[in-house]
Amino acid sequence: MTSDKGKKLKRINAGLIGFGTVGTGVVKVLRENAGVIKDKLGCELVLKKIADRDTARDRGVKVDEGVLTADAMDVINDPEISIVIELVGGTGIAKTFIMEALERGKHVVTANKALLSTHGKEIFRKASEKGVDIYFEASVAGGIPVIKALREGLAANRIESLYGIINGTANYILSKMTNDGGKFEDVLRRAQEKGYAETDPSYDVDGIDTAHKLAILINLCYGTYIGLGDIFTEGIRDISQLDIKFAREFGYRIKLLAIAKSIDGRVEARVHPTMIPAAHPLAMVDGAYNAVHLRGDAVGPVMFYGLGAGMMPTASAVVADLMDICRNLNKDISNRLSPLSYTDEAVREIKIRDINSLEIPYYIRFLAVDKPGALSKISGVLGNHNISISSVIQKDRKIGGAVPLVILTHNAQERSLRDAIAEIQKMDIIHDKIVYVRIEENLGAAN
Ligand code: NDP
Ligand code: HSE
């Protein structure tokens, strides 16, 4: 740090660990927008050191002599660096880097949702103990400032519901499958090439990344610490072109949704492919775009939309965090806002609603033998489990062969639905795994 207490800072040094997709974006934004950043801060924000395992690789952006280092501790131990940016990812070494930086009284910016949703409590407490700031806007929904909105702009609200498309890769895959008829594997490869996917893309495809982000959002909404284990999580692997086509016929689109709802003192926390009405604004969110639809008791419905992954949108959020910390440093303040925006004393445990008690409509697709009585056998089991049918579609005719049969239900209980599916799955008229998708009709309506 180059300032004395009380004196306006002329130069604030930051150090970056992880010169990958987002790290490169941060260097570019700081360089390309240096003028506007300086005009807003009234001081210079300098990236003094950049650490990455590989200092030889061409990142497509020029870095001054002496800035690059292969040792992250060079950044953390530099007494002139006030802010450490962690963009390595994962829950291993990244945690060590952040804890070491906090321990040395450095402010931290991170985009690491996996880490914060797993060790957020320990990390945030350390920041508070050391009286430093930790900012993490890029950890949810890339460039969309939804964390800032929850911590500040919507702070006066009790959040009644949240529906989010918060994984760019999964949304890119589903949109390409829906709009261009692309094949899952091909589209995933394209998402990886564009830098959207996690190092292990199963995090994107299996809903884990969405659940990490939902945990962070829920923690901000309700002042708590839940993690992956508290969130019911299903990914998009079972969704086929057939389901996308049927959804369209019923007037729905399929989206991987993160859902949180506060009902009677319990919070629903779930991530799964969801059929939503084609006319809902969330249904129109395509490609790597993300959107978060929130309902606050005072503000009513609010929706945020923008790019949720990729180099520059994510860097936009990281640099905005850096600028927030610079503003604090310029005023000699820190911890003005606690990480969750709740006081430590107010943070508490919440009760999560069991997925089995969910009561919503379902789409169920069977591959069933086309013969008289097949439908009545299936509907009989559904009826025995108190599940009533609202529509049935069987498109093809293949007497004695297997054809897709789709049923939409009225509101049914998840537990009953699963029991019925397990029973039907054993029938000899059923070929293949039965696929079911939850339907949300009234997203964001008042509870
Ligand atoms: P990348 O894999 O592109 O970048 C990470 C970089 O850190 C790599 O260059 C990696 O080197 C380097 N690294 C790994 N270990 C060390 C170490 N011990 N010391 C120094 N450098 C190391 O990831 P992204 O930039 O995509 O993601 C960074 C973070 O941002 C993650 O937490 C991610 O979840 C998050 N994020 C990413 C978004 C995106 O669109 N990409 C959007 C929002 C958040 P190597 O290549 O050799 O492993
Ligand atoms: N893999 C993540 C996504 C990156 O696709 O949304 C942004 O967090």
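In listed order, ligands and their atoms are each counted from 1.
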Hey, does the side chain of D209 reach the backbone of N167 with a donor-acceptor pair shorter than 3.5 angstrom? no
Keeping E137 on the side-chain end and V146 on the backbone end, is there a donor-acceptor pair under 3.5 Å? yes
Output the set of protein residues with a heavy-atom contact under 4.0 Å to ligand 2, ordered first by chain identifier and then by residue number. K113, N167, G168, T169, Y196, A197, E198, D204, D209, K213, G308, A309
Ionic contact status for E129 with K126, cut-off 4.0 Å: yes
Side-chain atoms of residues 114-124: list all donor-acceptor pairs with protein atoms under 3.5 Å, sequence neighbours left out, distances to 0.1 Å.
from, atom 1, to, atom 2, distance (Å)
S117, OG, K113, O, 2.7
S117, OG, A114, O, 3.2
T118, OG1, A114, O, 2.6
E122, OE1, K95, NZ, 3.0
E122, OE2, K95, NZ, 3.3

Side chain to side chain, T274 and I439, heavy atoms closer than 4.5 Å: no
Heavy-atom check, side chain of I83 versus side chain of V109, under 4.5 Å: yes
If I compare all heavy atoms of P201 with all of L188, which pair ends up nearest, and what's the gap? CB-CD1, 4.0 Å
State which residues pass side chain to side chain donor-acceptor pair (under 3.5 Å) with S316; sequence neighbours excluded, sorted by chain then number. none
Neighbouring protein residues of ligand 1 - any heavy atom closer than 4.0 Å: G18, F19, G20, T21, V22, D52, R53, R57, R59, L87, V88, G89, I93, F97, A111, N112, K113, A138, G195, E198, A309, G310, T314
Centroid separation under 6.0 Å, is that true for the rings of Y363 and Y436? no
